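To keep things clear, I will list the structure first and then write my remarks on it.
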Amino acid sequence: MDFYYRLRFLLLCFFVFFACDVFADETLKLIPQNEHVKKICTETVASLKPSVVVEKQKTIKKPDSWKQGIWTNEEEIKLLNAVSSISTLSGLQYYSASRGEMRTFYETSYVIQDPKLNKPVPDPVFTLSGSLPESFMFFARQKDLTFSDNIYQYDYSITSDAIFFVQKNLTAMSYGIIPLLKKEALKSIVAFVNNQDSITIYVVTMAKANLIPALEQKVNNSFSTRIDALIKWFEDKDLR
């Protein structure tokens, strides 16, 4: 059975790589009304010119222990530590639409010191003893059971009412010997926007790939279920 899925995926990859360009609708329909998040999303779409764009939004209630309104320093640090704990993505499960069952998203996930040295380092940790940066960046190595082992760059931004990061691939992505995406052709933006008594989670994944229309829905479904997994990953965090 596994051979069947591999063969079908290889055929899909062949069409994705060699088909003519089909550009996605560049309108982001679910983006939160937050100037910083809107700016990074629209700029990323404009520069990448993706052929696939999949976005989702979900609003969750703040923990009962949190104050309403603007985040306190302690709350903001808890949130930032939660969303930068890349190692906790290891073993994350998502629903595979093609297989009709749950499957491992990232087999391994960890921060590395440098893309060339590839030396694992701990997740970043922030404390009340120091002021939060407005932005920071790190590299990560993540083994995806579909797209194999790749290096990514994570760029974080912190504002008074939102924390968000951009993930982009620094290695060309493939399935076996079949090339899928060039370097920096896959980007995901994950944003956490502060509301009075809730947090809005917004995720958009975009890719610049050659697609035939018949495969567009299959790719959208795959990105969609992976976004669901990322949202669930955050919902399971203990922010109390």
Side-chain angles (χ1 to χ4, degrees), residues 1-30 41 44-45 48-58 86 89-109 140 142-152 165-191 201-235:
M1 185 62 70
D2 189 59
F3 171 78
Y4 167 76
Y5 285 116
R6 286 177 176 271
L7 178 60
R8 189 168 68 175
F9 192 84
L10 286 171
L11 291 173
L12 182 149
C13 293
F14 177 84
F15 284 114
V16 167
F17 190 69
F18 291 104
C20 59
D21 284 337
V22 177
F23 292 103
D25 180 359
E26 295 186 2
T27 302
L28 298 174
K29 301 175 177 63
L30 302 178
C41 289
T44 302
V45 169
L48 184 61
K49 294 181 174 58
S51 53
V52 178
V53 176
V54 180
E55 56 176 346
K56 286 197 174 185
Q57 182 189 118
K58 185 172 184 178
I86 297 302
L89 287 169
S90 297
L92 182 68
Q93 299 284 303
Y94 78 103
Y95 180 76
S96 172
S98 61
R99 294 170 181 260
E101 61 185 14
M102 297 300 292
R103 192 166 187 253
T104 299
F105 190 163
Y106 290 120
E107 184 177 41
T108 57
S109 175
Q142 295 172 301
K143 185 177 181 181
D144 185 319
L145 292 187
T146 298
F147 301 119
S148 192
D149 203 348
N150 292 285
I151 305 297
Y152 297 89
F165 66 82
V166 181
Q167 177 209 43
K168 64 181 177 182
N169 64 312
L170 296 185
T171 50
M173 300 176 70
S174 62
Y175 184 85
I177 62 172
I178 305 297
L180 293 179
L181 295 167
K182 296 179 181 179
K183 177 182 176 181
E184 298 187 16
L186 176 66
K187 295 185 179 182
S188 292
I189 300 171
V190 183
I201 310 166
Y202 173 75
V203 185
V204 57
T205 295
M206 55 189 81
K208 186 172 185 178
N210 294 328
L211 286 172
I212 59 174
L215 293 177
E216 185 174 341
Q217 189 58 50
K218 291 181 181 293
V219 175
N220 285 347
N221 289 342
S222 178
F223 282 168
S224 178
T225 55
R226 287 165 177 251
I227 289 176
D228 288 338
L230 285 174
I231 292 175
K232 181 66 164 54
W233 167 74
F234 176 73
E235 287 184 285

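Bear in mind that the values here come from a model prediction, so they are computed numbers and not experimental data. Below, all heavy atoms of this structure are taken into account, side chains as well, without hydrogens, waters or symmetry copies.
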Problem - CA sep, side-chain torsions, deciding dist, call: Tyr94, Leu145, side chain to side chain contact (heavy atoms under 4.5 Å, CB included) - result: CA-CA 11 Å; Tyr94 78 103; Leu145 292 187; over 6 Å; no
Practice task
Assess whether side chain to side chain contact (heavy atoms under 4.5 Å, CB included) is satisfied between Tyr95 and Asp228, documenting all intermediate values.
Solution key: CA-CA 9 Å; Tyr95 180 76; Asp228 288 338; over 6 Å; no
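Summarising the geometry, atom CD belonging to Gln167 is positioned 11.5 Å from atom NZ belonging to Lys187; distances are rounded to the nearest 0.5 Å. The CG atom of Leu92 sits 10.5 Å away from atom CG of Asp144, with the distance rounded to the nearest 0.5 Å. Here the CD atom belonging to Glu184 is positioned 7.5 Å from the CG atom belonging to Asn169, to the nearest 0.5 angstrom. Rounded to the nearest 0.5 Å, atoms CE (Met173) and CG (Asp149) are 10.5 Å apart.
Closest of all the heavy-atom pairs between Asn150 and Ala172 is OD1-O, 3.5 Å. Contact detail for Ile151 and Thr171: the closest heavy-atom pair is N-OG1, 3.2 Å. Shown here for Gln142 and Ser109, the closest heavy-atom pair between the two residues is NE2-OG, 3.0 Å.
Every residue meeting the side-chain hydrogen bond (donor to acceptor under 3.5 Å, both in side chains) condition with Lys232, not counting sequence neighbours, appears here in chain and number order: Asp236. Qualifying side-chain hydrogen bond (donor to acceptor under 3.5 Å, both in side chains) partners for Glu55, counting only residues two or more places apart in sequence or in other chains: Tyr202.
A side-chain donor-acceptor contact under 3.5 Å links Thr205 and Ser188. No side-chain N or O of Ser90 forms a donor-acceptor pair with one of Glu107 less than 3.5 Å apart.
Between Gln57 and Ile201, the closest side-chain pair of non-hydrogen atoms is not below 4.5 Å. Within the 4.5 Å cutoff, the side chain of Met206 has heavy atoms near those of the Val45 side chain. No side-chain heavy atom of Leu89 sits less than 4.5 Å from a side-chain heavy atom of Phe105. The side-chain heavy atoms of Tyr106 and Ile86, taken from C-beta on, include no pair separated by under 4.5 Å. Between Ile227 and Val203, some side-chain heavy-atom pair lies under the 4.5 Å cut-off. In this structure, the side chains of Lys168 and Leu48 stay at 4.5 Å or more apart for every pair of heavy atoms.
The number of heavy-atom neighbours closer than 6.0 Å to NZ of Lys56, taken from other residues, nucleotides and ligands shown, is above 12.
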